[in-house]
Amino acid sequence: MSTGAGSNGVRNIVVVGGGIIGCSTAYYLTRHPAFLPSRATVTLVEASAHGAAQGASGKAGGLVAKWAYPKELVEVSFNEHVKLAGEHNGAERWGWRYVSPGSWEGRGERLPDDSAATGNAKRERSLEKTRGLEDAQTGPGSAERRRKGLPDDLQWVKEHLTESYSPMALAGATAQVHPYLFTISLLELAKEKGAEFKSGKVTAILKSDGKVAGVEYTPSGHANPQTLPATDVIVCAGAWSPSLLPGLPIEGMRAHSVVIRPPPTMAIAPYVLFTEIAGLSAASVMTPEIYARPDGTVYACGPGDDSPLPETVDGVEVTSTACETLLRNVTSISDELRQGTVETRQACFLPVSTVGGGPVVGEATKIARGLFIAAGHTCWGISNAPGTAKAMAELVLEGQVRCADLKKLHPSKFF
């Protein structure tokens with residue numbers, strides 16, 4: 001159970017972390033029927049000096065799926081995504097739309113100089129006279145296309161390089177959002193209902209008599225820490241959560257991604273591809289994920305690495321070779337991507353559970369009453385944020401979770 005109101009009769013709720021979990025939690029707290037601005041405050045504290053959604057929440061693919069995990073959150077979250085998009089014009093505000101996810105297998109096509117695509121420099125183009133031989137009797141509706149399983153409208157991957165394609169989910173079971181726009185939109189909506197945003201790094205959780213008393217944080221641009229009183233603290237700091245809660249089994253895994261804008265004359269149908277690309281390396285098969293977005297761009301991400309976690313999200317380093325390798329892979333199967341302009345090269349840290357499963361969601365009463373954790377959502381943070389946030393709002397303001405059974409995700413199961 002939460003600590004309830006403070007000595008002045010007011011609940012001071014502090015949310016640590018301005019990613020999608022923190023911002024959506026602030027949104028659901030301020031939309032809960034029990035939230036009254038005269039009797040409760042919600043303050044979100046984010047370590048980045050550049051605002052919210054500077055980590056994985058702004059650099060993810062933005063996939064929303066009924067086939068995500070864990071099912072306890074998925075069953076609530078997908079419906080909440082649909083509801084949020086309907087209430088706040090999500091299609092226009094954060095790019096909400098349904099997409100078709102598929103598994104694509106095939107081979108990559110090397111460029112003549114075997115260099116990675118940059119999208120910002122002119123390259124020689126082959127006349128491709130031999131393409132007629134490879135692509136004869138193919139195209140939309142062809143027998144060869146049907147044999148490979150390629151949908152007729154999936155024209156932005158090369159058919160002659162395709163070995164097989166198979167859909168991964170039924171229609172209506174997968175959607176997407178632009179993760180940065182989704183995150184900052186929920187924060188702005190929370191602020192409209194009274195939530196306050198502070199830029200600063202939380203360095204300690206303060207306790208008194210077994211209860212949460214506040215947090216210590218250093219505002220961005222200042223050297224001296226300050227104290228922020230709190231009756232309830234919700235840690236939503238992703239991969240950085242263990243810095244406040246030692247022993248929390250979460251670590252960061254760095255992943256690189258790029259955003260490419262194909263030429264405007266090239267249509268990009270709404271597909272999300274989980275690929276297996278052979279032929280570019282004798283050592284392994286490459287497995288980038290490729291997401292078409294409604295703004296005309298295409299997002300692609302590669303595998304993770306074990307780079308050390310920096311002090312804050314502002315210290316995340318982008319390795320140019322990782323981005324160029326990713327570009328080489330995804331442009332090897334698509335003329336649309338090869339001829340596009342690379343708008344963004346970036347990296348982020350995904351919060352991964354070190355003991356399997358996850359995320360960790362609930363009140364950490366063994367540490368302090370009024371201390372809550374919502375962290376470790378792996379690659380499904382965007383997808384499962386609304387369900388997590390709704391559950392946290394119920395737990396903090398009502399004392400129990402009503403929307404789902406989250407016993408398997410309780411902090412006591414992990415540390």
Side-chain angles (χ1 to χ4, degrees), residues 1-19 21-22 25-26 29 32 34-35 39-47 195-220 222-251 309 311-312 351 353-355 358-376 388-389 391-401 406-407 409-415:
M1 296 290 291
S2 61
T3 59
S7 58
N8 61 354
V10 176
R11 298 280 294 274
N12 295 313
I13 306 168
V14 173
V15 180
V16 181
I21 304 301
T25 296
L29 283 168
H32 193 281
F35 177 79
R39 302 185 61 181
T41 66
V42 173
T43 304
L44 189 150
V45 186
E46 164 54 37
E196 182 180 1
F197 179 87
K198 289 183 179 293
S199 178
K201 182 185 178 183
V202 175
T203 54
I205 298 171
L206 307 177
K207 294 170 282 187
S208 176
D209 298 326
K211 299 179 181 179
V212 161
V215 299
E216 182 181 84
Y217 81 106
T218 303
S220 297
H222 295 76
N224 297 322
Q226 298 182 10
T227 297
L228 186 63
T231 55
D232 309 89
V233 174
I234 309 172
V235 178
C236 308
W240 284 267
S241 298
S243 66
L244 294 174
L245 300 169
L248 185 65
I250 295 172
E251 64 183 11
L309 190 71
E311 184 176 349
T312 71
S353 172
T354 60
V355 295
V360 182
V361 181
E363 186 175 9
T365 52
K366 291 183 179 179
I367 300 176
R369 297 191 299 279
L371 175 61
F372 303 86
I373 304 172
T388 301
M392 294 307 298
E394 292 174 348
L395 183 58
V396 172
L397 295 176
E398 298 181 50
Q400 61 180 319
V401 176
L406 302 184
K407 292 188 177 85
L409 307 181
H410 195 272
S412 63
K413 303 289 185 180
F414 296 91
F415 80 122

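All residue numbers in this chain count up from 1 along the given sequence.
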Given the rule in the side chain to side chain contact (heavy atoms under 4.5 Å, CB included) test, do Val42 and Phe35 qualify, once you have shown the distances and angles that lead to the verdict?
CA-CA 10 Å; Val42 173; Phe35 177 79; 3.7 Å; yes
Determine whether Val235 and Ile205 satisfy the following criterion, side chain to side chain contact (heavy atoms under 4.5 Å, CB included), listing intermediate values before the conclusion.
CA-CA 10 Å; Val235 178; Ile205 298 171; 3.8 Å; yes
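- Not one N or O on the side chain of Thr43 forms a donor-acceptor pair closer than 3.5 Å with the backbone of Glu196.
- The two residues Glu46 and Gly17 come nearest to each other via the heavy atoms OE1-C, 3.7 Å.
- With Gln400 contributing its side chain and Glu394 its backbone, the two residues share no donor-acceptor pair below 3.5 Å.
- Of all heavy-atom pairs between Val361 and Met392, the closest is CG1-SD, 3.6 Å.
- Of the N and O atoms on the side chains of Thr41 and Asn12, at least one donor lies less than 3.5 Å from an acceptor on the other residue.
- Atom CG in Leu371 sits 14.5 Å away from atom NZ in Lys211 (nearest 0.5 Å).
- To the nearest 0.5 angstrom, Tyr217 atom OH is 12.5 Å from Leu206 atom CG.
- Taken from CG in Asp232 to CZ in Arg11, the straight-line distance is 4.0 Å, to the nearest 0.5 Å.
- Separating the CG atom in Leu248 from the CD1 atom in Ile367 is a distance of 8.0 Å, to the nearest 0.5 Å.
- Across all their heavy atoms, Val202 and Val45 have their closest contact at CG2-CG1, 3.7 Å.
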Side chain to side chain contact (heavy atoms under 4.5 Å, CB included), that's the test. Do Val15 and Leu29 meet it? Break it down for me.
CA-CA 10 Å; Val15 180; Leu29 283 168; 4.2 Å; yes
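- With contacts defined as side-chain heavy-atom distances shorter than 4.5 Å, the pair Pro411/Lys366 does not qualify.
- One distance of note links CZ of Arg369 with OG1 of Thr231; it measures 13.0 Å at 0.5 Å rounding.
- Here the shortest heavy-atom pairing between Ala26 and Leu44 reads CB-CD1, 4.2 Å.
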CA sep, side-chain torsions, deciding dist, call: Leu397, Ile13, side chain to side chain contact (heavy atoms under 4.5 Å, CB included):
CA-CA 10 Å; Leu397 295 176; Ile13 306 168; 4.0 Å; yes
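- Between Val233 and Gly214, the shortest heavy-atom contact is CG2-O, 4.3 Å.
- In terms of heavy atoms, Cys236 sits closest to Thr25 at SG-OG1, 4.3 Å.
- Residue pairs meeting the side-chain hydrogen bond (donor to acceptor under 3.5 Å, both in side chains) criterion with at least one member in residues 235-251, sequence neighbours excluded, do not occur.
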